[in-house]
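For reference, the structure is listed below as structure tokens.
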Number of protein chains: 2
Amino acid sequence: MTVFDFDRASKLAPAVARERKDDSPCAACSVRGMTICAPLDSNELAQVSALMTSVELQAGAPLFDEGEEAGNVYNLTSGTLKVYKLLPDGRRQVTGFLFGGDFLGLATQDTYAFSAEAVTPCLLCRFPRHKLEDLMQRMPKIEQRLLSIASNELVAAQEQMLLLGRKTAREKIASFLMMLAKRAKQRGQPEDPVLVSMSRTDIGDYLGLTTETVSRTFTQLKQEGIINLLPNHQVKLAQREALEEIAGGY
Amino acid sequence: MTVFDFDRASKLAPAVARERKDDSPCAACSVRGMTICAPLDSNELAQVSALMTSVELQAGAPLFDEGEEAGNVYNLTSGTLKVYKLLPDGRRQVTGFLFGGDFLGLATQDTYAFSAEAVTPCLLCRFPRHKLEDLMQRMPKIEQRLLSIASNELVAAQEQMLLLGRKTAREKIASFLMMLAKRAKQRGQPEDPVLVSMSRTDIGDYLGLTTETVSRTFTQLKQEGIINLLPNHQVKLAQREALEEIAGGY
DNA sequence: TTTTTCTTTTGATGTGGATCAACGACGCGC
DNA sequence: GCGCGTCGTTGATCCACATCAAAAGAAAAA
């Protein structure tokens, strides 16, 4: 379990690395045609794009903290982001990793229920929440899209509860690798040598394990020939079916 | 960890205990003014009510199973319901308990992502999903309400991930009791002697513990004078602040 | 009421993963 | 290139909770 490291926190990079006011619509959002913009026509898209600002984060930079006023929602254009919650003594639970195309910042209360931090350098589209809410009144399509996103997240959250509450370390690691492979495939990236861009600590905090256990379990799977640990944080799924079997049918 | 008991399963009560076609609007839904009907005017309410059927479940009766076609959504009028997921070998994770006023059955895919079963006798309002979806096209208010419900559930799910991944047995039980108290208060029921209507097995499967550990932890808290175990499944929160402290600030 | 059955509690023992400790390996700035 | 800080791996030991076992309550059936 990771205990909050105050020394490290004070050394963190500044909150927002760079920020650009951009008159053109968020290229990645419209090009990819994903996330909240997906169901919109060009006129609607222009209205949404007018609200948007680009944000750039360097690895390790926080986007916002739990409890902070939830003024914006975001679309992650590229990079990897983690969202997490802390206990008062610093124990951390990473509740999710976000990748290119993912949506972030849904909140009913007016404060964020979790913190968000860049794992790798990130590009995001930012929308002021109240303006987007005004727009939603006139464009139910956005609301539909948001409901669909929330429903999918809810399904994923329940899956993760099953993992945290009932799976062994071995099953957790196998599930984690399968999840990374699936998500990479979804956004059209290579899924066999899986790129594991996050640290053992982040993985441990996501799976409810310690770094040591994460490391030992990777080693164990490697020795069994189920995976190969390649350079540059890549993992080859040597026996994909075996891994899927261990993951527990999910 | 609970392993699937095939003998017990075969002895379970039939799926739907009773069912009534009801011309009048679901009394509880409109009276309470909660859940998806909350923001509607009387004309809109009539349209929604026209789609509704009442369902009655006896304790232990399943409402639907994971993987089943998601044909309906439900409003729980009274009683307690549990939703859960199973691993292939029968290990179970209860992902939530639902109480009077709660909404159930949100799904993007066309199958349920979890199973639902009555803990106590239950009364529900049932809505055919495709008809409700048609209605949503014309009444964005319902969609807004659903998005709000989903957002709240998402916050609760992240809270539960923190609990499952990072809290000790003692902290889990304390959090569980505080949650029950809070939810009882929300729906205007006595919150101090908390009614714990579910079995130790259900609690264990909700918190990622065994029945034995749940029982031992209750006993321990009782011996420390933090709670009192009363007859009829009631628990008196003798030292509420101490319990809140143990729960970890949530 | 007594009997049966299921649930909860309590006890004895085992173990998966945490903790504590040290070392090796990679990346970065100089 | 070299030194240095961070991250990952490996080893030894510990402990919170699981597992196994049985008794004590509670509820349902006879």
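Residue numbers begin at 1 in each chain, while the letters A, B, ... track the order of the sequences.
Looking at heavy-atom distances under 4.0 Å, B/Gly208 makes contact with sugar-phosphate atoms alone, never a base.
Computed from coordinates, the A/Arg200 CZ to C/dA18 C1' distance equals 18 Å when rounded to whole Å. The distance between atom CD of A/Gln220 and atom C1' of D/dT9, rounded to the nearest whole Å, is 14 Å. Distance, B/Asn232 CG to D/dA27 C1': 12 Å, rounded to whole Å. Rounded to a whole Å, the CD1 atom of B/Ile173 is 10 Å from the P atom of C/dT9. One interatomic measurement links the two molecules: CD1 of A/Ile203 to C1' of D/dT9, which rounds to 14 Å at whole-angstrom precision. Residue A/Asp205 contributes atom CG, which lies 14 Å from atom C1' of C/dA18 at whole-angstrom precision. Rounded to a whole Å, the CZ atom of A/Arg166 is 16 Å from the P atom of C/dG16. In this structure, NE2 of A/His233 is placed 11 Å from P of C/dC26, rounded to the nearest angstrom.
Between B/Phe64 and B/Tyr112, the two ring planes are parallel [angle under 30°; tilted spans 30° to 60°].
Taking the ring axis of B/Phe97 as reference, the NZ or CZ atom of B/Arg183 does not stay both within 45° of it and closer than 6.0 Å to the ring centre.
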Table of protein N/O atoms under 3.5 Å from nucleotides 10-16 of chain D N/O atoms:
unit_1	atom_1	unit_2	atom_2	d
D/dT10	OP2	A/Thr219	OG1	2.7
D/dG11	N7	A/Arg216	NH1	2.8
D/dG11	O6	A/Arg216	NH2	3.1
D/dA12	N6	A/Arg216	NH2	3.4

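Side-chain atoms of B/Arg126 never come within 3.5 Å of backbone atoms of B/Tyr74 as a donor-acceptor pair (strictly under, hydrogens ignored). In terms of modelled atom types and a separation under 3.5 Å, the side chain of B/Lys85 and the main chain of B/Ala113 share a donor-acceptor contact.
In this structure, B/Met161 CE and A/Met161 CE are separated by 5.5 Å, a value rounded to the nearest 0.5 Å.
Contact check, A/Thr210 against C/dA18: a side-chain N or O comes under 4.0 Å of OP1 or OP2.
Under a 4.0 Å N-O distance rule, the pair A/Lys182/A/Glu244 does not qualify as a salt bridge.
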